[in-house]
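Start at 1 with the first residue, then count along the sequence. Everything numeric here is computed off the predicted structure, so don't read it as measured data.
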Amino acid sequence: MTFQTLLDKRLPAPKGKVEKWNAKLEVKARALTATFENRKLFEHKWENGSSGQFSLIMTDEGQSQASIGRIVLSGTIGPGWIGGLIDASLGEQRKAFDAAWKEPSVFGAWGPGGAENTELTRERLMRELRFEFKYAPEHGKLLTSCMEVIGKSRAHTLGVLEHLDKLPEGLREEPFARFLRFNCALDLEHHAVALEQLEHLQVAPEQVRLKALFGAVLHRVAGQIETATALLEALAADDSGPALVHDELATCLLLTGKPDAAHAAILRGLEQSPSSALLAEAEAKVVKAAKGPQWKRRIEERSERFVVVCESTRELARSARVVLDEAWLRCADFFGPLPAGTLDPTTVYLFEGQASYLAYVKGVADDSHENTLGLYAPVWKQIVVWNHPDQNVWRDVLRHECAHRYLDLRFGLRIPRWLNEGMADAFAASWKRSGEFAPGQLRQEYLAEFLLGVELAALGDFVRQSPDAFMADVDRNYAYAWTVVHYLQFVDKDAKPVLERLLQRLDAGDEPALAIDAALESVDLKLLQTSYLAWLNRVTTELRIGEAEVKPTTPGSSPKPKR
């Protein structure tokens with residue numbers, strides 16, 4: 001979407017008369033072009049915008065007469081001077097202009113360039129919140145030091161909580177101490193605790209709505225979709241709400257299976273913020289996902305649980321439907337029963353080639369998802385795969401994505417990324433080439449990841465890492481996740497209760513971080529890791545994949561990059 005405007009603010013110069021100049025700004029989704037007296041001054045392009053300021057100051061070269069304009073929009077662009085010199089009189093005029101300037105509403109509506117993942121959204125909101133702090137001076141140094149180390153490592157954050165627990169009872173509820181607990185909870189991904197602290201935080205009056213938006217985001221992240229939806233609907237009723245409100249509301253509605261309502265929320269947002277790149281991108285994804293691939297012909301194969309759609313042959317669609325139906329029947333035994341309720345069939349798009357598959361995925365999937373062979377999009381409730389020439393690989397991918405669909409229905413957003421991928425891979429590995437279902441099979445291609453020089457994050461760190469950290473080294477972390485789930489489920493009978501407790505806590509509604517803490521409570525992690533590594537080294541040696549020992553790194557470190 002494009003809009004144009006004239007910067008026609010005029011201020012009297014100290015001497016003489018200000019000449020009438022014309023300046024024009026043309027803003028597109030990812031580019032800003034400025035012209036002055038019909039001359040193109042510059043064009044600035046960026047990939048991902050974020051809130052910032054652009055200042056355009058114009059002066060008649062060599063004179064103190066001036067015409068000054070300022071505009072606030074998305075993108076981080078520094079101040080630019082067009083001709084002339086910066087002198088005292090111009091500086092004074094700029095100050096006077098800034099004091100009188102009222103930002104046009106159309107410019108304030110400009111949204112961030114590109115959809116943000118949860119982590120970026122949370123960080124950006126955190127920077128924009130301002131809190132009022134009141135605390136005893138004698139504790140100021142301790143609290144300030146605590147603030148500086150939060151986030152450096154899990155151990156540092158837990159240490160801060162220990163210090164806060166030792167504060168005198170009256171000071172534990174002071175705003176700054178509560179603010180520290182809020183940050184600790186965010187760092188540990190204990191969202192329910194963070195929400196509790198956020199509820200009592202004192203913010204500047206003009207930031208009450210931003211605080212509510214931050215709370216709604218955290219409710220969604222914590223899996224409390226209905227609560228988040230209600231908060232966002234209240235915020236969206238105000239026409240002055242930021243674009244992010246409507247984008248978050250649309251996400252919540254999609255997660256609850258309401259694509260039409262989500263599209264309506266985005267359109268309402270676009271009416272208020274017509275130049276929002278965030279909402280424009282969201283609408284494009286909604287429309288594309290709702291319509292599905294734009295094939296010349298569509299062949300469908302239906303069953304109780306799946307609608308498989310392809311453009312090539314009915315035989316291909318039928319084969320995929322058979323694989324998925326067989327996999328679904330085994331999911332209940334492997335993962336446990338689903339909550340009671342009726343289920344609509346899951347749509348499955350089967351692409352003939354990888355290029356067309358990737359083109360569709362780029363428009364509907366979150367960039368954080370690994371999408372080389374196939375994916376399950378929990379927002380759209382779709383499975384998307386392409387017809388890999390190796391039919392064993394193709395069937396494996398279908399079973400893997402079928403498992404993701406089943407796990408989404410059982411746990412929703414509560415399941416940690418590593419557990420989601422590890423369990424889906426353990427399930428997909430449960431079929432022999434003959435088609436026989438035989439749980440406990442080894443994935444040799446994953447064991448091949450653990451060769452000479454491999455270093456692994458400590459087990460306790462790996463299971464607590466964020467989704468973004470998991471995706472930072474996809475190949476290694478997928479393999480690591482499968483080995484952990486396989487070991488707990490099929491190898492060590494003494495360790496199997498750890499996995500069982502984790503699933504029970506998730507079933508009970510615990511957040512991922514809290515469920516993991518509960519599952520590992522009273523577990524000797526050092527002993528568990530030693531046993532796990534001994535098994536991993538044994539199976540890699542037996543399969544002649546590698547003879548080098550796999551050694552853990554120091555706690556808090558990341559897996560060594562594969563490439």
Side-chain angles (χ1 to χ4, degrees), residues 327 330 334-335 370 372-374 388 390-404 407 416-463 465 469-496 498-499 502 525 527-553 557-563:
R330 299 292 186 176
F334 197 90
F335 299 118
E370 173 66 3
T372 303
L373 299 173
H388 194 283
D390 186 332
Q391 292 301 289
N392 288 313
V393 172
W394 179 69
R395 285 189 284 268
D396 187 88
V397 173
L398 285 172
R399 291 161 181 155
H400 179 100
E401 305 309 336
C402 178
H404 280 317
L407 290 168
R417 185 62 187 266
W418 70 268
L419 182 61
N420 198 352
E421 297 299 344
M423 293 188 73
D425 268 322
F427 177 75
S430 297
W431 269 266
K432 294 183 178 181
R433 284 178 175 260
S434 62
E436 177 188 356
F437 185 66
Q441 303 294 305
L442 294 176
R443 295 193 77 103
Q444 296 189 26
E445 72 277 16
Y446 277 177
L447 292 175
E449 288 290 325
F450 304 100
L451 299 173
L452 183 63
V454 168
E455 291 184 345
L456 294 178
L459 193 58
D461 292 338
F462 176 75
V463 299
Q465 68 180 336
F470 182 90
M471 295 307 296
D473 190 358
V474 169
D475 294 338
R476 180 63 47 74
N477 287 334
Y478 266 59
Y480 196 172
W482 167 75
T483 61
V484 172
V485 171
H486 180 90
Y487 179 79
L488 294 176
Q489 193 165 18
F490 300 112
V491 178
D492 190 342
K493 64 178 182 180
D494 293 328
K496 190 173 183 179
V498 174
L499 181 60
L502 176 54
L525 274 177
L527 178 60
L528 177 60
Q529 180 166 279
T530 300
S531 301
Y532 158 77
L533 289 174
W535 163 79
L536 184 57
N537 282 303
R538 184 175 68 254
V539 293
T540 53
T541 301
E542 289 174 353
L543 292 170
R544 300 184 184 280
I545 291 177
E547 296 182 355
E549 287 191 1
V550 182
K551 298 179 180 179
T553 59
S557 61
S558 300
K560 185 177 180 180
K562 181 183 177 184
R563 292 176 289 276

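Of the possible donor and acceptor atoms, one in the side chain of Arg443 sits under 3.5 Å from a partner among the backbone N and O of Asp425. Without hydrogens or angle criteria, Gln391 side chain to His388 main chain gives a donor-acceptor distance under 3.5 Å. For the pair Asp396 (side chain) and Asn392 (backbone), a donor-acceptor distance under 3.5 Å is absent.
Annotation for Gln529 and Ala457: closest pair OE1-O, 4.4 Å, computed over non-hydrogen atoms. What you find for Pro439 and Ser430 is that their closest heavy atoms are CA-OG, 3.4 Å. In this structure, Gly460 and Leu525 approach most closely via the heavy-atom pair CA-CD1, 4.1 Å. For the pair Ala428 and His400, the tightest heavy-atom approach, listed with the atom from each and the gap, is CB-N, 3.9 Å.
Taking CZ of Phe427 as the reference point, atom CZ of Phe334 lies at 7.0 Å (rounded to 0.5 Å). Taken to the nearest 0.5 Å, the CG atom of Leu502 stands 9.0 Å off from the CG atom of Leu488. For the atom pair Leu419 CG and Leu407 CG, the distance stands at 7.5 Å (nearest 0.5 Å). Distance check, rounded to the nearest 0.5 Å: CH2 of Trp535 to CZ of Phe490 gives 11.0 Å. Atom CG in Asn477 sits 5.0 Å away from atom CD in Gln465 (nearest 0.5 Å). A distance of 9.5 Å separates CG in Leu527 from CG in Asp494, rounded to the nearest 0.5 Å.
Between Leu528 and Tyr487 there is a side-chain heavy-atom pair separated by less than 4.5 Å. Using a 4.5 Å cut-off on side-chain heavy atoms (C-beta onward), Trp482 and Leu447 make contact. When side chains are defined from C-beta on, Trp431 does not count as touching Arg395, because their heavy atoms never get closer than 4.5 Å. Considering only heavy atoms from C-beta on, Arg476 comes within 4.5 Å of Leu456 through its side chain. Residues Tyr532 and Thr483 form a side-chain contact, since some pair of their non-hydrogen atoms from C-beta on lies under 4.5 Å apart.
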Kindly determine whether Tyr480 and Leu459 satisfy side-chain contact (heavy atoms from CB on, under 4.5 Å), including the steps that lead there. CA-CA 10 Å; Tyr480 196 172; Leu459 193 58; 3.9 Å; yes
Yes or no on side-chain hydrogen bond (donor to acceptor under 3.5 Å, both in side chains) for His486 and Gln441, after CA distance, side-chain angles and deciding distance? CA-CA 9 Å; His486 180 90; Gln441 303 294 305; over 6 Å; no
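Less than 6.0 angstrom separates the ring centroid of Phe470 from the ring centroid of Tyr478.
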